[in-house]
Amino acid sequence: MPNRYTRGLTVLLATALTAVALVPASPAAAATATVDNATAGRFTASTSWGTSTWSSQRQGPDYRFATPDTTASDAAWFKIAVPAAGSYLVEVWYPADPGYNSATPFVVVTSGGNQTIPVDQRGNGGRWVSLGTFPLAAGDYNAVGVSRWTSGTGYVVADAVRITSATGGTTFAMPLPRTALPRSEYDDPHHDYPAIDLPVPTGTPAYAVRAGTVVRVNDSSCGQGINLTGTDGAVYTYCHFSAWSVASGATVTAGQRIGTTGNTGNSTGPHLHFGIRTGSTLRCPQAYLLALYDGVTPPAASSLPTSGCSY
């Protein structure tokens, strides 16, 4: 599934400063709970975690840091009172520095099991950054952790966590951060069959466009990818990930992070290959994606054209 790499290189360069491993999240309208590392009784960490006030990008009076350790997780934990079972947007705050870790593992304790999301803490510091939307159980428990188990170099940092209820909210979501590409990229033709190639740098988060169940893909064509069977019965395919963010068989909500873009499989440059299938019929996803970009309800997958979007 080679992409329009040569033509898309300009877009890659233009977005390199804003589309990194994670992009800043939009401010939450009504945060259910915010926990800082200095919040009494809400944060635990071993003595291997130091305390620092060095960076002005910190949330609260200080933040915690530790060196990587590939022999044990030794996670620092944020304890959060989750008021009711449901879907929650999980955001993190940390100071960034070129010397911090490029793949800090954040662990979200979902109702379906732990999910680990790598975060590049060399950028996007001093603001709320989205890890995605996750199903959380009700209760007062260690809900988000920061692990030391990473092969990345530089300190891993734990500062603050915020969760916001998303239950009954988002029905659809864009597959990429809205800032990753201009609108014009979402109506480009695919090179040889109904689909689209979206040129974004390796490390860009990929999100579920709607609720459904995911199955991981890993082959020589798609590389690392996801088949998302939506609640509408259509299959939404994502290819060329550098990493998954969900387990095969997991149920996801719209806007939940499902992977990280890359260049695996049959690919000539970093991009996200995205396709829609109803039954055995491939559909042109361009009108669907443009609707998402414009913030309107997308057309039903079964109504999308089967031709006219490739060359």
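In summary, the aromatic rings of Tyr236 and Tyr288 are positioned with their centroids under 6.0 Å apart.
The minimum heavy-atom distance linking Ala301 with Asp232 is given by the pair CB-OD2, 4.0 Å. For Ala173 against Leu292, the heavy-atom pair with the smallest separation is O-CD1, 3.3 Å. Annotation for Arg148 and Asp74: closest pair NH1-OD2, 2.6 Å, computed over non-hydrogen atoms. Nearest heavy atoms, Tyr238 versus Ala206: CD2-CB, 4.4 Å. Of all non-hydrogen atoms in Gln57 and Trp93, the two that sit nearest each other are O-NE1, 2.8 Å. Of all heavy-atom pairs spanning Arg122 and Tyr100, the tightest one is CG-O, 3.3 Å.
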Phe106 vs Val129, side-chain contact (heavy atoms from CB on, under 4.5 Å): CA-CA, chis, key distance, verdict: CA-CA 12 Å; Phe106 278 79; Val129 171; over 6 Å; no
- request: Under the side-chain contact (heavy atoms from CB on, under 4.5 Å) rule, what do Val35 and Lys79 come out as? Steps first, then yes or no, please.
  value: CA-CA 8 Å; Val35 177; Lys79 187 177 184 180; over 6 Å; no
- request: Report the C-alpha separation of Arg58 and Thr53 in whole Å, then their side-chain angles, then the decisive distance to 0.1 Å, and conclude whether the side-chain contact (heavy atoms from CB on, under 4.5 Å) test is met.
  value: CA-CA 8 Å; Arg58 65 185 181 273; Thr53 60; 4.2 Å; yes
message: Run Leu89 and Trp128 through side-chain contact (heavy atoms from CB on, under 4.5 Å) and show every step you take.
response: CA-CA 11 Å; Leu89 171 67; Trp128 290 111; over 6 Å; no
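Remark: Arg42 is not positioned above the aromatic ring of Phe78, lacking an NZ or CZ atom under 6.0 angstrom from the ring centre and at most 45 degrees off the axis.
Counting only N and O atoms by type, the side chains of Thr260 and Ser242 include no donor and acceptor under 3.5 Å apart. For Arg277 and Thr237, the side-chain atoms include no donor-acceptor pair closer than 3.5 Å. In summary, the side chains of Thr51 and Asp62 do not present any donor paired with an acceptor at a separation below 3.5 Å, with no hydrogens or angles considered.
Side-chain atoms of Thr70 and Thr150, non-hydrogen and from C-beta on, never get closer than 4.5 Å to each other. Using a 4.5 Å heavy-atom threshold, the side chains of Asp97 and Phe65 count as separate. Two residues are said to be in side-chain contact when any heavy atoms from C-beta on lie closer than 4.5 Å; Tyr207 and Gln256 fail this criterion. The shortest distance between side-chain heavy atoms of Cys309 and Pro194 falls below 4.5 Å. Put simply, the side chain of Phe134 does not reach to within 4.5 Å of the side chain of Val109, judged on heavy atoms. Between Pro68 and Asn101, some side-chain heavy-atom pair lies under the 4.5 Å cut-off.
Side-chain N or O atoms of Arg183 include none that pairs as donor or acceptor with a backbone N or O of Tyr186 at under 3.5 Å. Arg64 places a side-chain N or O within 3.5 Å of a backbone atom of Gly50 that can act as its donor or acceptor partner. The backbone N or O of Pro105 lies less than 3.5 Å from no partner atom in the side chain of Ser147, so there is not a single donor-acceptor pair. Remark: side-chain polar atoms of Arg283 are paired, donor with acceptor, to backbone N or O of Ser302 under 3.5 angstrom. At distances below 3.5 Å, at least one donor-acceptor pair connects side-chain atoms of Gln286 with backbone N or O atoms of Ala195. Proximity of a side-chain donor or acceptor of Asp294 to a complementary backbone N or O of Val296 within less than 3.5 Å is not detected. Looking at Gln121, its side chain never comes within 3.5 Å of a backbone N or O of Thr104 through a donor-acceptor pair. Without hydrogens or angle criteria, Ser267 side chain to Thr264 main chain gives no donor-acceptor distance under 3.5 Å. Between the Thr213 side chain and the Thr229 main chain, no donor and acceptor come within less than 3.5 Å of each other. Not a single donor-acceptor pair under 3.5 Å links the side chain of Trp149 to the backbone N or O of Ala75.
There is a path of hydrophobic side-chain contacts, each under 4.5 Å, that joins Phe43 to Val108. Using a 4.5 Å cut-off between side-chain heavy atoms of Ile, Leu, Val, Met, Phe, Trp and Tyr, with links allowed through other members, Met174 and Ile226 fall into the same hydrophobic cluster. Both Val146 and Trp54 are members of a single hydrophobic cluster when ILVMFWY side chains are connected at heavy-atom separations under 4.5 Å. Hydrophobic clustering, with ILVMFWY side chains joined whenever heavy atoms are under 4.5 angstrom apart, groups Val161 together with Tyr155. Val217 and Val214 fall into different hydrophobic clusters, where Ile, Leu, Val, Met, Phe, Trp and Tyr residues are linked whenever their side-chain heavy atoms come under 4.5 Å apart, directly or through other members.
One finds the OG1 atom of Thr202 at 11.5 Å from the CG atom of Leu272 (value rounded to the nearest 0.5 Å). With rounding to the nearest 0.5 angstrom, the CG atom of Asn227 is 9.5 Å from the OG atom of Ser248. Atoms CG and OH, from Asp188 and Tyr311 in turn, are 8.5 Å apart once rounded to the nearest 0.5 Å. From Asn218, atom CG reaches atom CZ of Phe241 across 12.0 Å, with rounding to the nearest 0.5 Å. To the nearest 0.5 Å, atom OG of residue Ser245 and atom CD1 of residue Ile258 are 8.0 Å apart.
Within a 6.0 Å radius of OH in Tyr293, other residues, nucleotides and ligands contribute more than 12 heavy atoms.
Results of the side-chain contact (heavy atoms from CB on, under 4.5 Å) test with Tyr88 over Ile80, Val82, Thr110 single out Val82 as the only residue that passes. In summary, of the residues considered (Leu289, Leu304, Thr281, Val209), a side-chain contact (heavy atoms from CB on, under 4.5 Å) with Ile276 occurs for Leu304 alone.
Under the 30°/60° scheme for interplanar angles, the aromatic rings of His190 and His273 are found to stand perpendicular.
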